[in-house]
Structures are given as structure tokens and as C-alpha cells.
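Small disclaimer: the values here were computed from a predicted structure and weren't measured. We count residues from 1, following the sequence as given. Atoms within each ligand, like the ligands themselves, are counted from 1 in listed order.
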Amino acid sequence: MHVPAARIVFSPEDRAEIASAATEILATGALTLGVHTAEFEAAFAAAHEAPFAVAVSSGTAALEIILRSHGVEGADVVVPTNTFAATAFAVLRAGAMPVFADVSSDTFALTARSVEAAVTPRTRAVVLVHIGGLIPPDVAELRAFCDDRGIALVEDAAHAHGSRHGDGHAGSFGIAGAFSFYPTKVITSGEGGMILTSDPAIHEAARIYRDQGKAGFLGNVHIKQGYAWRLSEIHAVTGRVHLRHLADFLATRAAVAARYDAALDTLGTVTRLQVPPDGLCNYYKYIVLPRPGIDRGRLKKELKERHGVSLSGEVYESPLHRQPVFGDYALRSLPVAEDICARHVCLPIHSDMTEAEADHVVASFAAALQSLSLDG
Ligand SMILES: *Cc1c(COP(=O)(O)O)cnc(C)c1O
């Protein structure tokens, strides 16, 4: 059996529906900022019980627009060091300085305490990243910490479509949330992004920013320094069709995760990210921490060559403060992130994974760990 690192799921019916919508879009010439974008926004907002949604060209654009809408130019913005480079690039492009913070090994996310060590008198915002789709159960503490200091909490929810904590959906815990529809994400539109917010001012500003800072679609009055951050209609309809399967995808992923949980807990040699009882994780990634000393490169090679199992990409392999491009911003060592980045692995998890595939993955994982331990 061969289990790939990722699988992108569009059924034959979905493909036919998207092809037919694309034909209509090309025939009418209504190629951007049309009805499909509006429908995608409405459906995405409804799925997350959010008042407002703005579709944009990427998750990176969504983050930059939120930061610009809040106004962070010349300020510091705290970001976790174990995130995708885009989180910190968006901060730089919005005219602010990224300040890297450490995270908790329980959630892979920022905490009030780890942020406290990174705030400066110039801090205007904190970007919380829901790593692997897990909304950290102590998110309220971080929000209170930010509120007390007049700092905005922004969610990088690129991993977290459909995730919840208690009654709250991803995108509802701060001033706004940024989602990505890059192909590997739980919902994809090919390329694309979405901003969710309950703040009418951010909603309005985001709509202006994404279309070259124009006061309206049809006019030519530019009131902000915007950019070409629009989503095309063909991308919008692709995302709209994929989004219909969100509940099904999450159910399949949760069932696979439950099988993984049960099998791994009997091993005793690994820890896994725990989802609290009142949390709902979309399992964008299934994250496991083998004990220190296991060589990740050898483990991945063994799994692929002997068992046909490709692990999914790490989140993340190397912390940003150790990446060459961010060398100038790396002020401190951040030991928890350094440890978990070096050590964790992500078991493959797909929105259409079968029980047989899941069982093959955990059996192979246990066998590979065993053989690496025997080799010393
Ligand atoms: C994918 C991702 C992004 C960027 O999304 P794009 O749509 O590729 O621009 C930002 N942050 C995180 C954490 C991501 O995983």
C-alpha cells in the first residue's frame, strides 16, 4: 500500500460543476469580483458564523490586509517562530517589524507568557497561528493579555478552516482571521485567501485594500495604497464548491485522528498534540513528537522505502529565527520551538483517507520507530 503525503479531493461531480461554471464565467466575461466571489464569501462566513468575509488572492494577502487595516506601520508585531515564512513576510510588507516569540510544546502555539517575553513598547499586534488546525485552549488568556495592553490579536487561521474552541470558530478570537486556500490546505480554491471579521471597519478597509485602494469597484478614486489582491471568479467558484464538503472532510479527518490516537497511545514512546474535549480540530496536520534522539530523516526514509508511507510536511521544519532571510531579526534563542521543530513529524491525513490506509500508517510508524530504536 502506498500512502502519499497529501491528497487533494475533488469528486468527478465537483470537477464537472467547476468546469461548467468556468465556461459560463468565460462566456459572460464577468471574471473578477462578481457573483461567485460574493457567494464564496457568504458561504465561508456562514460556515464560521462570522458577520463579514472578504475573499482575496492568497492567505498572505489576507494577513497583510488585516495588519494594514489595523495600522501597524512602524510598530512591532509578535509572531510565533514556528510558522510559515508568509506570516512574518506579511508583517514586513505591512511596514512593521516581526518579533519572534516562543511557543508551548502542548499546543505548538503562542501563550500569554511566551508573548510577554517578546512584547515591546512598540507592539501593536500579535499574530496567533493555529498550528495544525488546533485552536489553543488557552486562547482567552492570550486575548485578555492583549486587551489589557491595547494590543490587537490577529489569527493566522491558514491551517484552521472549520476548527473551533468552545463556541468560537477559527477567525473569531481576535480582530480578524486570515485563511488560505493554497492547494494543500483543508479547503482549496487553487490559490486564494479569506478574511473573517466581526469589525465593520476592518471589513470595509479590507474591501478597499484588495482592489487597489479604490473607494468602489466602478469608480477611480483611490483612498488607500492597495494592491491587486482580488480573487478571480474561477478561483472563487472552485473554493465555493470545495467548501460544501467542509463538514464531511472534518468528519473523515477526525475519524482517522481517533484511530491514530488509539494506536499511538499504546506505544508509549511518542506524545501527540492533545485536542481538549471542548475543542474541534480540523486536523490539517496530525502532529506527533517522538522521544528525543530519534533521527527524523532516517524515520521518514524508512517509512517511505520500507512501508510506502510519505509523512506530511512539518509545521515547521526550522523556526523562522533560524532561517537565513530573518537573520537580522533573530535576537534570542527560543528553546521550545527549536526543540519541537527539530523533533516532530506529521502523519499523513487526507479528507478521503480510508480506515485501511490509517491502520497501515500507524502500523508502519510503530514498526519504523521500533527498528530505529533497535539500531540505537
Ligand atoms: C499557507 C500559509 C500561509 C500563506 O497562505 P498562501 O495562501 O499560500 O499565501 C500563511 N500562514 C500559514 C501558517 C500558512 O500555512
Side-chain angles (χ1 to χ4, degrees), residues 5-6 8 37 40 44 53-68 77-94 96 98 100-101 103 107-110 125-136 139 153-163 170-171 173-174 176-196 206 209-210 227-232 235-236 238-239 242-243 273 281-287 312-321 323 325-326 337 340-341 344 346 349:
I8 294 153
T37 297
F40 188 28
F44 200 80
V54 181
V56 295
S57 54
S58 72
T60 314
L63 262 181
E64 182 178 337
I65 290 170
I66 293 168
L67 292 167
R68 283 185 181 272
V77 175
V78 176
V79 300
T81 189
N82 61 324
T83 182
F84 188 46
T87 314
F89 287 150
V91 170
L92 284 168
R93 289 186 180 277
F100 296 115
V103 292
T107 60
F108 281 41
L110 296 175
V126 170
V127 182
L128 173 64
V129 183
H130 304 310
I131 294 289
L134 176 70
I135 297 172
V139 61
L153 182 65
V154 172
E155 291 171 75
D156 180 338
H159 295 185
H161 318 70
S163 290
F173 296 96
F179 294 78
S180 165
F181 304 117
Y182 185 78
T184 56
K185 306 292 160 86
V186 170
I187 297 297
T188 182
S189 59
E191 295 279 1
M194 191 76 77
I195 296 163
L196 291 185
Y209 273 118
R210 80 166 162 193
Y227 199 74
W229 277 315
R230 298 167 303 268
L231 186 71
S232 85
H235 290 95
T238 304
H242 213 223
L243 179 63
L273 236 59
C281 184
N282 70 357
Y283 289 103
Y284 170 60
K285 297 281 177 172
Y286 187 94
I287 299 171
S312 161
E314 287 83 31
V315 282
Y316 284 82
E317 186 183 343
S318 159
L320 293 186
H321 71 282
Q323 291 277 3
V325 67
F326 295 116
I340 61 177
C341 284
H344 80 284
C346 298
I349 189 161

Show the distances, to 0.1 Å, for all pairs joining an N/O atom of ligand 1 and a protein N/O atom that are shorter than 3.5 Å, listing one pair per line.
| unit_1 | atom_1 | unit_2 | atom_2 | d |
| --- | --- | --- | --- | --- |
| ligand 1 | 5 (O) | Ser180 | OG | 3.2 |
| ligand 1 | 7 (O) | Gly59 | N | 2.8 |
| ligand 1 | 7 (O) | Ser180 | OG | 2.7 |
| ligand 1 | 9 (O) | Gly59 | N | 3.3 |
| ligand 1 | 9 (O) | Thr60 | N | 2.9 |
| ligand 1 | 9 (O) | Thr60 | OG1 | 2.5 |
| ligand 1 | 11 (N) | Asp156 | OD1 | 3.3 |
| ligand 1 | 11 (N) | Asp156 | OD2 | 2.8 |
| ligand 1 | 15 (O) | His159 | NE2 | 2.9 |
| ligand 1 | 15 (O) | Lys185 | NZ | 3.0 |
| ligand 1 | 15 (O) | Tyr316 | OH | 3.2 |

Please list every donor-acceptor pair under 3.5 Å in which a side-chain atom of residues 84-94 meets a protein atom from a residue at least two apart or in another chain.
| unit_1 | atom_1 | unit_2 | atom_2 | d |
| --- | --- | --- | --- | --- |
| Thr87 | OG1 | Thr83 | OG1 | 2.7 |
| Thr87 | OG1 | Phe84 | O | 3.2 |
| Thr87 | OG1 | Asp156 | OD2 | 2.9 |

For Ala55, the side chain to side chain contact (heavy atoms under 4.5 Å, CB included) test, sequence neighbours excluded, returns Thr37, Glu41, Met194, Arg210, Leu231

Query - Heavy-atom side-chain contact between Lys285 and Ile131 under 4.5 Å - result: no

Query raised in the report: Step by step, would you call His344 with Phe108 a ring pair (Phe, Tyr, Trp, His ring centres under 6.0 Å)?
Result: CA-CA 10 Å; His344 80 284; Phe108 281 41; 5.4 Å; yes

Taken in chain and number order and not counting sequence neighbours, the residues that satisfy side chain to side chain donor-acceptor pair (under 3.5 Å) with His321 are Thr81, Glu338

Notebook entry, point to check: Is there a side-chain contact between Phe179 and Lys185, using heavy atoms and a 4.5 Å cut-off?
Noted result: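 They are not in contact (no side-chain heavy atoms under 4.5 Å apart), so the answer is no.
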
